[in-house]
2 protein chains.
Amino acid sequence: MNDHPKRPLTLRDVSEASGVSEMTVSRVLRNKGDVSAATREKVLRSAKQLGYVPNKIAGALASQRVNLVGVIIPSMANMVFPEVMTGISRTLEDSDLQPVVGITDYLPEKEEKVLYEMLSWRPSGVIIAGLEHSDASRAMLHAAGIPVVEIMDVDGQPIDSMVGISHRTAGRKMGEAIVAAGYKRIAFLGTKMPLDHRARKRFEGFTQALAKGGIEVADQEFYSGGSALAKGREMTQTVLERTPDLDFIYYSNDMIGAGGLLYLLEKGIDVPGKIGLAGFNGVELLQGLPMKLATMDACRFEIGQKAAEIILAQSCEGGLVASQAIEMAPMISPGDTLRSHL
Amino acid sequence: MNDHPKRPLTLRDVSEASGVSEMTVSRVLRNKGDVSAATREKVLRSAKQLGYVPNKIAGALASQRVNLVGVIIPSMANMVFPEVMTGISRTLEDSDLQPVVGITDYLPEKEEKVLYEMLSWRPSGVIIAGLEHSDASRAMLHAAGIPVVEIMDVDGQPIDSMVGISHRTAGRKMGEAIVAAGYKRIAFLGTKMPLDHRARKRFEGFTQALAKGGIEVADQEFYSGGSALAKGREMTQTVLERTPDLDFIYYSNDMIGAGGLLYLLEKGIDVPGKIGLAGFNGVELLQGLPMKLATMDACRFEIGQKAAEIILAQSCEGGLVASQAIEMAPMISPGDTLRSHL
DNA sequence: ATGAAAGCGCTAACAT
DNA sequence: ATGTTAGCGCTTTCAT
């Protein structure tokens with residue numbers, strides 16, 4: 001049956017049921033202030049029996065405190081942000097703060113809208129992916145007067161605090177490792193990058209490292225949408241047909257790298273003898289592949305953790321805690337697809 | 001710099017800046033009631049210039065309306081719930097309702113806690129995974145007096161509405177297809193099931209179908225945690241060493257199935273000639289595998305969509321719209337790993 | 001088309 | 001240890 005009849009219960013209902021003032025009931029339910037054990041018992045019993053659930057809307061308005069942390073990220077569909085979320089949740093778990101997620105789909109306009117919605121709930125802090133935001137978004141974040149942590153990236157100017165890795169450095173380091181290993185004919189496969197600033201920065205650092213070794217990217221290919229694993233296959237096939245003498249492919253994420261790896265193994269191509277491969281992110285999925293893809297850990301869990309810690313510190317100590325800019329140092333894990341020397 | 005100084009702006013600030021009453025400002029910002037074009041202009045300009053973001057806390061308290069829909073699911077780490085979320089988001093997108101997610105990690109106590117938190121925000125509706133909940137959770141959902149849609153599963157009694165598939169039927173159908181294809185020595189690999197009711201129901205339907213064909217499960221193995229792809233590999237190896245004459249393995253999800261498939265292909269074992277395989281869910285990832293795993297689509301997107309539609313209908317039309325019980329019919333996709341006859 | 005008053009359900013601050 | 005009062009920032013309702 002579809003019956004949603006009863007008026008939601010209020011403090012007053014509990015107050016009447018237990019014969020105690022609303023104020024005392026409120027105190028019991030929040031473990032605030034002194035209440036005698038007897039009264040506490042009585043109140044708790046009444047509340048539970050009635051099935052009372054406090055109204056946080058009213059509580060928040062009265063106390064001017066909302067125990068929510070807005071987390072604004074581009075997507076949940078890949079392996080990267082779920083792990084950031086895990087870091088955030090774990091850290092917030094034993095505080096009274098709660099993460100609330102908004103998704104932008106890598107669209108600045110949507111980011112703006114999601115941010116607006118989020119801020120209209122007056123959260124205690126905001127964790128937001130990336131350093132690139134519209135002017136309006138930056139203005140809102142400034143005006144909100146709450147701690148803001150921009151995560152994932154440190155190549156740029158933060159609004160308040162930031163925690164992440166330098167994607168330019170990440171791309172450069174991988175480029176250097178590839179050059180040092182003696183690869184010469186190197187391709188780059190990735191997402192279409194106009195809106196993925198971090199992938200773009202990795203690409204920039206990468207080409208820069210190659211340039212230092214006197215090497216230019218031999219081929220490149222970009223995709224958007226679809227199954228990343230399948231796209232990795234397709235694109236690998238495409239570039240190899242177009243540029244058969246490639247000896248290395250750098251993928252902008254592990255999923256397409258895994259697709260490429262499966263494709264090459266299936267074709268019986270010697271990896272990393274004939275062709276070396278590397279991805280980015282260090283996703284758990286790679287553990288199950290026939291061969292371990294070279295990758296670079298993006299410190300996703302730690303980033304989430306650190307960001308949450310900053311929010312926590314600032315929302316407790318008030319204005320006493322300074323903003324922070326934390327750069328993590330991602331490590332290359334060579335796996336089995338990047339030979340270490342000639 | 002870490003400066004969070006300014007008091008958040010209020011309607012009053014906009015009112016003063018534009019020389020119009022708070023009431024009129026409110027009307028402009030909500031497109032409600034008649035306001036002259038001139039006034040509207042003036043107000044909008046002031047609001048934008050100040051960077052005013054409305055306070056939904058106050059608005060919700062005053063209007064007794066919260067445009068939030070609570071979505072309570074066990075996990076985001078697998079491929080199943082993100083797609084349900086997509087279905088929900090897409091449907092809610094052009095309404096004024098917004099999904100807010102809570103994660104239970106398959107733990108009843110956590111579900112209870114998350115639900116309590118959620119309901120304390122007085123959402124317009126709740127979408128919650130599964131039909132099994134603690135007494136307290138059921139009581140809260142009843143008392144909330146809002147539309148509730150239980151999703152994923154229809155094997156049980158809903159609190160209000162439900163949308164899903166019958167996992168018992170799903171398991172049975174797959175069992176029947178496997179028996180019909182002439183497989184005899186059949187193993188089941190999956191998660192430890194005490195808390196995953198849907199996996200358990202599939203297993204029950206499955207064994208029942210085998211029994212009808214006079215077959216008993218030849219071996220079984222369960223896991224928890226870790227990389228599903230890697231676990232799929234390990235478990236496949238384990239059961240094959242223990243029971244070498246297996247000719248079919250039914251996996252409780254596609255990820256471990258994919259791991260098993262990769263393992264077998266690597267070993268050069270003939271799939272589906274020597275061993276057939278099937279998974280469950282119909283995840284996109286399978287598109288990128290060397291061979292298409294047999295699976296069964298769980299209608300995840302559609303379930304999310306339908307659930308959101310029900311909430312939408314009920315929160316608009318009030319009590320006029322009846323509860324619904326909707327059963328989707330999942331289809332087997334045989335892929336390349338389940339031969340269709342002897 | 002605009003404004004004034006009342007109050008949503010709670011909590012801070014001040015009694016007692 | 002418990003109660004009373006006065007809002008929190010909006011929207012509803014009723015004037016004008």
Side-chain angles (χ1 to χ4, degrees), chain A residues 6-44 46-47 50-68 96 117 119-124 143-145, chain B residues 6-44 46-47 50 52-67 96 117 119-124 143-145:
Chain A
K6 281 195 296 264
R7 161 185 68 70
L9 297 162
T10 69
L11 259 191
R12 172 171 220 106
D13 295 309
V14 184
S15 163
E16 281 168 3
S18 58
V20 179
S21 79
E22 288 187 40
M23 200 53 234
T24 302
V25 174
S26 170
R27 283 198 262 258
V28 170
L29 265 26
R30 287 178 298 144
N31 293 315
K32 262 258 171 113
D34 296 322
V35 182
S36 75
T39 317
R40 151 171 266 98
E41 269 315 298
K42 217 174 12 178
V43 170
L44 250 23
S46 301
L50 292 173
Y52 172 69
V53 177
N55 185 332
K56 283 215 179 168
I57 306 272
L61 184 61
S63 67
Q64 303 282 59
R65 249 201 120 265
V66 180
N67 67 337
L68 259 27
D96 63 337
E117 290 292 324
L119 291 178
S120 73
W121 288 103
R122 301 286 187 267
S124 293
Chain B
K6 283 196 293 263
R7 161 187 67 73
L9 297 161
T10 70
L11 258 190
R12 173 173 220 104
D13 295 308
V14 183
S15 164
E16 283 169 2
S18 58
V20 180
S21 80
E22 287 186 40
M23 200 50 238
T24 302
V25 174
S26 170
R27 282 198 262 258
V28 171
L29 264 27
R30 285 177 300 142
N31 294 316
K32 263 253 171 119
D34 297 322
V35 183
S36 74
T39 318
R40 152 172 265 94
E41 270 314 298
K42 219 174 9 179
V43 169
L44 249 24
S46 301
L50 292 174
Y52 173 69
V53 177
N55 185 332
K56 283 215 178 165
I57 304 273
L61 184 62
S63 66
Q64 303 282 60
R65 251 202 117 264
V66 179
N67 66 337
D96 63 338
E117 290 291 324
L119 291 177
S120 73
W121 289 103
R122 300 289 186 266
S124 293

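Computed from a predicted model, the values in this text were never measured in an experiment. Note on naming: letters A, B, ... go to the chains in the order of the sequence lines (proteins, then strands), and numbering restarts at 1 for each one.
Counting only residues at least two apart or in different chains, salt bridge (Lys or Arg N to Asp or Glu O under 4.0 Å) contacts with residues 19-36 of chain B comprise B/Arg12-B/Glu22. Each salt bridge (Lys or Arg N to Asp or Glu O under 4.0 Å) pair with one or both residues in residues 52-62 of chain A, not counting sequence neighbours, appears once here: A/Lys56-B/Glu117.
B/Ile57 meets the side-chain contact (heavy atoms from CB on, under 4.5 Å) test with A/Ile57, A/Ala60, A/Leu61, A/Val66, A/Trp121, B/Asn55, B/Trp121; sequence neighbours excluded. Applying the side chain to side chain donor-acceptor pair (under 3.5 Å) criterion to A/Ser21, with sequence neighbours excluded, gives A/Thr24.
Axis angle between the ends of the helix from C/dA1-D/dT16 to C/dT16-D/dA1, five pairs each and rounded to 10 degrees, works out to 30°.
For A/Val35, taking side-chain heavy atoms from C-beta onward, the closest of the listed nucleotides D/dG9, C/dT2, D/dT2 is D/dT2.
Regarding B/Ile57, its CD1 atom lies at a distance of 11 Å from the C1' atom of D/dC8, rounded to whole Å. Per the geometry, CG belonging to A/Asn67 stands 12 Å off P belonging to C/dT11, to the nearest Å.
Dashed line: the shortest gap from a side-chain N or O of A/Thr39 to OP1 or OP2 of D/dT2 is under 4.0 Å. For A/Ser36 and D/dT2, the shortest distance from a side-chain N or O to OP1 or OP2 is below 4.0 Å. OP1 or OP2 of C/dT2 has not a single side-chain nitrogen or oxygen of B/Thr24 nearer than 4.0 Å. For B/Gln64, a side-chain nitrogen or oxygen approaches OP1 or OP2 of C/dG9 to under 4.0 Å.
Remark: B/Leu44 CG to B/Thr39 OG1 distance equals 11.5 Å, nearest 0.5 Å.
Residues B/Val25 and B/Tyr52 fail the side-chain proximity criterion, which asks for heavy atoms closer than 4.5 Å. The shortest side-chain heavy-atom distance between A/Val14 and A/Leu9 does not fall under the 4.5 Å cut-off. A heavy-atom distance below 4.5 Å is not found between the side chains of B/Glu16 and B/Thr10.
In terms of position along DNA chain C, the nucleotide closest to B/Arg40 lies nearer the 5' end than the nucleotide closest to the other residue of the pair B/Arg40 and B/Leu61.
No donor-acceptor pair under 3.5 Å is formed between the side chain of B/Ser15 and the backbone N or O of B/Leu11.
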* Structure fact -> Counting primed atoms, P, OP1 and OP2 as sugar-phosphate and everything else as base, the B/S/- map of nucleotides 10-16 of chain D against protein heavy atoms under 4.0 Å is BBB----

